[in-house]
Visitor: 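Submitted below is the structure of interest, expressed as structure tokens.
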2 protein chains.
Amino acid sequence: MNMLKEHGRMYGYEITQKVKELTDGKIQITEGALYPTLHSLEKSGELDVEKEYFGKRLRKYYKLTPQGQTTVAQKVDEFSDFIVTMKALLDLGPKLSNG
Amino acid sequence: MNMLKEHGRMYGYEITQKVKELTDGKIQITEGALYPTLHSLEKSGELDVEKEYFGKRLRKYYKLTPQGQTTVAQKVDEFSDFIVTMKALLDLGPKLSNG
DNA sequence: AAATATACATAAGTTTCTAATGTATGCAAA
DNA sequence: TTTGCATACATTAGAAACTTATGTATATTT
């Protein structure tokens with residue numbers, strides 16, 4: 001969801017490629033993980049979808065709803081907290097102080 | 001496993017309490033998650049166990065084997081890398097630079 | 001022409017977690 | 001004194017979330 005926050009609207013395949021690019025291939029989002037998640041987020045009102053054809057190929061562009069924007073902000077905050085907690089728990093201060 | 005690296009030998013229940021304490025209750029390790037993991041790590045040679053009685057209550061003290069120490073160092077490094085990657089991906093630099 | 005990339009989707013199987021349940025001892029409060 | 005909470009182990013059913021494989025179809029590169 002953070003991808004959509006940063007890049008506006010994106011379609012599924014685009015998300016997999018962008019994440020791969022931004023993480024130097026370290027994180028690969030598989031279709032089996034992504035598509036069901038997108039469908040689920042759409043169903044729960046976090047995402048809106050717009051179907052468009054690029055040539056003859058269908059693209060489903062997803063964007064955050066207002067509710068989705070709130071959720072992303074929340075999730076990112078939770079993840080930040082988690083990192084802080086884990087840094088303390090694993091004593092990662094030295095290694096990550098400027099990583 | 002990092003708990004054992006920091007604190008020498010520990011028994012299961014002690015690990016749950018220590019993690020809870022160090023994370024201000026934010027991370028709760030449940031027994032259903034912990035005990036099978038400890039058994040599995042023992043079986044695969046990462047941990048050694050020593051059974052002792054504290055009064056009439058059994059405690060199973062676990063400690064890292066040499067192999068286990070290598071593995072912990074590796075896993076912690078991997079997790080550090082993951083955090084760095086996620087910070088870049090989620091643009092968490094500002095929020096966590098001194099968090 | 002064949003292989004690779006783009007673009008969607010689902011399904012089987014695995015892993016891994018939570019929640020629930022079980023056994024038993026130790027201790028403190030009602 | 002007995003009731004409840006903490007200590008200490010363990011297993012299991014069910015849920016969640018993932019990977020791998022498979023399927024359909026178009027576009028591009030070799």
Side-chain angles (χ1 to χ4, degrees), chain A residues 1-4 7-44 46-63 71-72 74-75 78-79 82 85-86 89, chain B residues 1-4 7-44 46-63 71-72 75 78-79 82 85-86 89-90:
Chain A
M1 285 176 75
N2 194 75
M3 282 296 96
L4 296 170
H7 297 90
R9 60 173 220 168
M10 297 177 84
Y11 54 97
Y13 186 78
E14 187 185 7
I15 296 175
T16 67
Q17 299 308 302
K18 197 73 190 173
V19 169
K20 192 172 162 186
E21 176 200 326
L22 289 175
T23 65
D24 289 316
K26 287 169 197 159
I27 297 180
Q28 303 253 5
I29 298 186
T30 62
E31 300 109 309
L34 179 65
Y35 290 118
T37 301
L38 289 175
H39 300 160
S40 153
L41 290 174
E42 187 201 345
K43 199 175 169 186
S44 62
E46 312 278 354
L47 300 181
D48 272 342
V49 65
E50 289 163 13
K51 295 177 192 176
E52 284 182 27
Y53 279 91
F54 182 76
K56 281 185 184 178
R57 272 195 310 234
L58 179 64
R59 285 180 179 175
K60 295 174 78 172
Y61 283 92
Y62 291 91
K63 67 176 177 199
T71 303
V72 184
Q74 217 169 69
K75 296 286 181 189
E78 281 170 23
F79 187 72
F82 171 72
T85 299
M86 288 303 289
L89 186 61
Chain B
M1 286 176 78
N2 194 76
M3 283 293 97
L4 296 169
H7 297 90
R9 61 175 219 165
M10 296 177 85
Y11 54 96
Y13 186 76
E14 187 185 6
I15 295 174
T16 67
Q17 298 308 302
K18 198 71 187 172
V19 168
K20 193 172 160 184
E21 177 201 327
L22 290 174
T23 65
D24 290 316
K26 286 168 197 159
I27 297 182
Q28 304 253 3
I29 299 186
T30 61
E31 300 108 310
L34 179 65
Y35 290 119
T37 301
L38 288 174
H39 300 159
S40 152
L41 290 173
E42 188 200 344
K43 198 175 170 186
S44 63
E46 312 278 355
L47 300 181
D48 272 341
V49 66
E50 290 163 11
K51 294 177 191 178
E52 284 182 26
Y53 278 93
F54 182 76
K56 284 186 181 173
R57 271 195 309 232
L58 178 65
R59 283 180 181 175
K60 297 175 77 171
Y61 283 92
Y62 290 90
K63 68 176 178 200
T71 304
V72 184
K75 295 285 181 188
E78 280 170 24
F79 187 72
F82 171 72
T85 299
M86 287 304 288
L89 185 61
L90 298 181

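Protein chains get the first letters and strands the later ones, always in sequence-line order, with residue 1 at the start of each.
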Visitor: Tell me the interatomic distance from Gln17(B), atom CD, to dC9(D), atom P, rounded to whole angstroms.
Guide: 11 Å

Visitor: Figure out the CG/P separation between Leu34(A) and dT6(C), and round it to whole Å.
Guide: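 To the nearest whole Å, that distance equals 15 Å.
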
Visitor: Give the nucleotide from the list dT7(D), dG26(C), dA7(C) with an atom nearest to the side chain of Lys56(B).
Guide: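 When the side chain of Lys56(B) is considered, dG26(C) is the closest of dT7(D), dG26(C), dA7(C).
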
Visitor: Any side-chain heavy atom of Arg9(B) within less than 4.5 Å of one from Tyr62(B)?
Guide: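 Not in contact.
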
Visitor: I want to check one thing: is the phosphate of dC8(C), taken as OP1 and OP2, less than 4.0 Å away from some side-chain N or O of Tyr35(A)?
Guide: yes

Visitor: Do Phe82(B) and Glu78(B) come within less than 4.5 Å of each other through their side chains, counting heavy atoms only?
Guide: no

Visitor: If the cut-off is 4.0 Å, is His39(B) near the phosphate of dT11(D), judged by side-chain N/O to OP1 or OP2?
Guide: yes

Visitor: Rounding to a whole Å, what distance do you find between Glu31(A):CD and dT22(D):P?
Guide: 14 Å

Visitor: Just do the salt bridge (charged side-chain N to carboxylate O under 4.0 Å, His left out) check on Lys60(B) and Glu50(B) with the steps written out, would you?
Guide: CA-CA 6 Å; Lys60(B) 297 175 77 171; Glu50(B) 290 163 11; over 6 Å; no

Visitor: Whole-Å distance between dC8(C) P and Tyr53(A) OH?
Guide: 11 Å

Visitor: Round to the nearest Å and state the distance from Glu14(A) atom CD to dT6(C) atom C1'.
Guide: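 Rounding to the nearest Å, CD of Glu14(A) and C1' of dT6(C) are 12 Å apart.
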
Visitor: Between Arg57(A) and Gly32(A), which residue's closest nucleotide on DNA chain C lies nearer the 5′ terminus?
Guide: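 Upstream on the strand: Arg57(A).
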
Visitor: In this structure, how many angstroms lie between the P atom of dT7(D) and the CD atom of Glu52(B), rounded?
Guide: 19 Å

Visitor: Starting at atom OH of Tyr62(B), determine the distance to atom P of dA8(D), rounded to an integer number of angstrom.
Guide: 14 Å

Visitor: Out of dT18(C), dT10(C), dA5(C), which nucleotide sits closest to the side chain of Tyr13(A)?
Guide: dA5(C)

Visitor: Please figure out whether Lys60(B) or Gln28(A) has its closest DNA chain D nucleotide nearer the 5' end.
Guide: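 Counting from the 5' end, the first nearest nucleotide belongs to Lys60(B).
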
Visitor: Identify which nucleotide among dT18(C), dT11(D), dA10(D) has an atom closest to any side-chain atom of Ala33(B), counting heavy atoms from C-beta outward.
Guide: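 Closest of the options to the side chain of Ala33(B): dT18(C).
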
Visitor: Nearest heavy atom decides the nucleotide; on that basis, is Leu58(B) or Phe54(A) closer to the 5' end of DNA chain D?
Guide: Leu58(B)

Visitor: Does any part of the side chain of Glu52(B), heavy atoms only, come nearer than 4.5 Å to the side chain of Leu58(B), both counted from C-beta?
Guide: no

Visitor: First locate atom CD of Gln17(B), then atom CD1 of Ile29(B), and finally report the distance between them rounded to the nearest 0.5 Å.
Guide: 10.5 Å

Visitor: Specify the separation, in whole Å, of atom CD1 of Ile15(A) and atom C1' of dC8(C).
Guide: 13 Å

